[in-house]
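Sequence lines set the chain letters: A, B, ... in the order given, protein chains first and strands last, and positions in each chain run from 1.
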2 protein chains.
Amino acid sequence: MLKEERQQLILEHLKTAKKINLGDLSNMLTVSYDSVRRDVIELEDKGLLKKVHGGVVSNSYLNILSGQRKGVKKGGDLEIVIKKALKFLKNNQIIILDGGTTNFFLAEQIPKNLTLTVITNSPPLAMALNDHENVEVILLGGRYYKRYQIAMGPEVSNQLKRFYADLYFMGINGIDKTKGLSLRNYEESILKQQMMSSAKSTICCVVEEKIGVVEAYQICPISKLNTLVTNLEPDSIDLLGFEGVEKV
Amino acid sequence: MLKEERQQLILEHLKTAKKINLGDLSNMLTVSYDSVRRDVIELEDKGLLKKVHGGVVSNSYLNILSGQRKGVKKGGDLEIVIKKALKFLKNNQIIILDGGTTNFFLAEQIPKNLTLTVITNSPPLAMALNDHENVEVILLGGRYYKRYQIAMGPEVSNQLKRFYADLYFMGINGIDKTKGLSLRNYEESILKQQMMSSAKSTICCVVEEKIGVVEAYQICPISKLNTLVTNLEPDSIDLLGFEGVEKV
DNA sequence: CAATATTTTGCAAAAACTTGCAAATATTTT
DNA sequence: AAAATATTTGCAAGTTTTTGCAAAATATTG
């Protein structure tokens with residue numbers, strides 16, 4: 001195993017585990033305790049992790065790089081949704097991904113050989129695409145809202161006005177057959193309306209817990225949405241009444 | 001097997017595997033270890049891969065491991081620099097932080113009780129400020145350059161034109177008394193010149209290894225810089241000849 | 001405090017790299 | 001086509017880097 005390979009593996013595990021024993025690393029990588037120790041020293045020198053007594057922990061830079069790496073639960077609702085959503089991606093598309101959690105995971109799961117342009121107002125999402133060589137990223141700038149980890153404001157809107165993407169993947173807090181798609185934050189609801197206007201087609205990906213949920217600020221009625229992707233079957237009883245939208 | 005054939009096979013294999021042992025290549029291509037090594041050297045010279053001890057990796061494999069970053073060592077040069085730099089921060093200032101490593105660590109070390117506005121084109125830096133409640137963050141949007149993890153492009157410049165911050169902390173690759181401040185990337189050097197124009201005062205923070213280093217693209221001569229912060233004493237012999245700049 | 005675990009240091013062996021050279025192969029010239 | 005020339009390949013010897021180990025020193029735990 002190449003040293004670089006080992007170090008990559010260390011970082012990959014640390015992105016998920018946040019903290020690892022040197023002994024466990026030694027077993028995992030099938031090299032001596034000492035070799036692992038040397039690797040770890042080197043990685044610490046590079047600012048990629050922090051060495052502690054008997055082990056290593058993630059540092060802030062790696063935390064930022066790893067994003068929300070608790071990840072998508074195997075076989076869970078979200079994984080089903082993301083798998084369905086990935087099917088809409090085609091080579092050479094231009095897509096808008098806003099700052100929702102689902103979109104972050106979708107971005108991560110973009111096949112490495114897929115050529116895309118991603119427009120986003122989410123720094124973590126942009127960074128999730130660091131290793132996607134074939135994905136061009138356009139970052140929308142504005143005032144950074146730490147709570148949501150997205151940029152918003154008039155500058156974002158101005159940039160969007162000049163775009164007309166193929167697809168917009170809209171993140172929401174809730175979707176209801178009569179109250180439509182909604183959110184808890186006013187400015188963000190306005191921004192998403194603008195994102196809809198800046199794309200030919202709007203897709204909303206939600207897990208079933210969000211169905212029937214209504215929050216304070218409506219983004220749009222169901223009929224304005226082109227495609228609804230959920231973990232449910234399209235003919236599920238819970239999706240009855242969602243008219244004027246393609247269900248997947 | 002022709003050399004060209006072999007080299008093509010190496011690249012194809014690397015595309016899939018990302019990393020290969022030289023020994024495995026030797027077996028696979030049924031040529032001596034030495035011939036493989038020569039092939040690999042040639043391919044590296046062409047920039048098509050990266051040679052590492054005992055093997056090769058694809059160029060993108062080392063994105064995170066490539067030694068551009070340095071950790072902040074306790075008592076090390078960088079820590080001294082950052083401590084000095086922090087002294088320039090005052091309540092209610094508006095500062096520009098570009099995407100250098102030093103600025104990332106500086107951002108992290110901003111006291112939690114300090115009220116600031118930070119303008120930045122660096123998503124990781126914006127995210128490093130997630131827990132700083134008193135720091136407002138303005139993210140400059142544009143095309144996201146994954147290699148440098150910054151946004152650049154005309155949109156960034158347009159946004160900057162409308163700003164006039166108190167301070168600009170400029171990240172560089174090298175500083176030399178006659179050749180000034182320089183960088184390895186052309187677009188970035190232009191952007192930093194624009195950032196200088198968008199701030200009342202420009203501060204450059206560097207560790208001593210960067211002193212005397214000259215890279216391809218000059219940002220500005222020393223005299224245009226307001227303040228130089230290094231880990232050295234201001235009257236150090238290594239700082240002789242740096243005229244027209246405040247040394248800290 | 002003693003026992004245990006971890007870290008540091010120094011070292012030898014193994015692996016990888018570098019260099020120079022001769023033989024083999026490929027290309028060019030006649 | 002044969003001869004001359006250039007390039008490539010494989011090898012051996014010497015050098016450097018990496019790895020694993022053991023002993024000593026230090027830190028942690030009960």
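Between chain A and DNA chain D, the heavy-atom contact criterion of under 4.0 Å yields a 5' to 3' nucleotide range of dT18(D) to dT28(D).
The CZ-C1' distance, from R37(B) to dT19(C), rounds to 12 Å in whole Å. Rounded to whole angstrom, the span from the CD1 atom of I41(A) across to the P atom of dT8(C) amounts to 6 Å. Nucleotide dT7(C) holds its P atom 11 Å from the CD atom of E44(A), rounded to whole Å. The nearest whole Å value for the distance from the CD atom in E4(A) to the P atom in dA16(C) is 13 Å. With rounding to whole Å, L2(B) atom CG is found 7 Å from dT27(C) atom P. The CZ atom of R38(B) sits 12 Å away from the P atom of dT19(C) (whole-angstrom rounding). D24(A) has its CG atom 10 Å from the P atom of dT6(C), to the nearest Å.
Paired runs in DNA chain C that reach 3 or more consecutive Watson-Crick or G-U pairs, where each pair keeps both distances under 3.5 Å, cover C:1-30 with D:1-30.
With DNA chain D read from its 5' end, the first of the two nearest nucleotides for H53(B) and T30(B) is the one closest to T30(B). Both K51(B) and L22(A) sit near DNA chain C, but only L22(A) has its closest nucleotide nearer the 5' end.
In this structure, Y144(A) and E136(B) have side chains that are not in contact, with every pair of non-hydrogen atoms separated by 4.5 Å or more. Taking the side chain as every heavy atom from C-beta outward, I20(A) and V57(A) never approach each other to under 4.5 Å. A heavy-atom distance below 4.5 Å is not found between the side chains of V213(B) and D176(B).
Within a 6.0 Å sphere centred on CD of E246(B), heavy atoms belonging to other residues, nucleotides or ligands number more than 12. The environment of CG in L240(B) is crowded: more than 12 heavy-atom neighbours from other residues, nucleotides or ligands sit within 6.0 Å. Counted within 6.0 Å of CD on E133(A), heavy atoms from surrounding residues, nucleotides or ligands total 12 or fewer; the atom is thus considered open.
The residue V52(B) sits close only to the backbone: its heavy atoms come under 4.0 Å of sugar-phosphate atoms, none of a base.
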(request) Show the numbers, then the answer: is there a salt bridge (Lys or Arg N to Asp or Glu O under 4.0 Å) between E44(A) and K51(A)? (result) CA-CA 7 Å; E44(A) 188 183 42; K51(A) 206 161 70 53; 5.1 Å; no
(message) Could you go through E215(B) and K179(B), starting from their C-alpha distance and side-chain angles, then the distance that decides it, and tell me whether this counts as salt bridge (Lys or Arg N to Asp or Glu O under 4.0 Å)?
(response) CA-CA 9 Å; E215(B) 297 287 3; K179(B) 299 285 185 171; over 6 Å; no
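A distance-only check finds no donor-acceptor pair linking the side chain of D77(A) to the backbone of N231(A) [under 3.5 Å].
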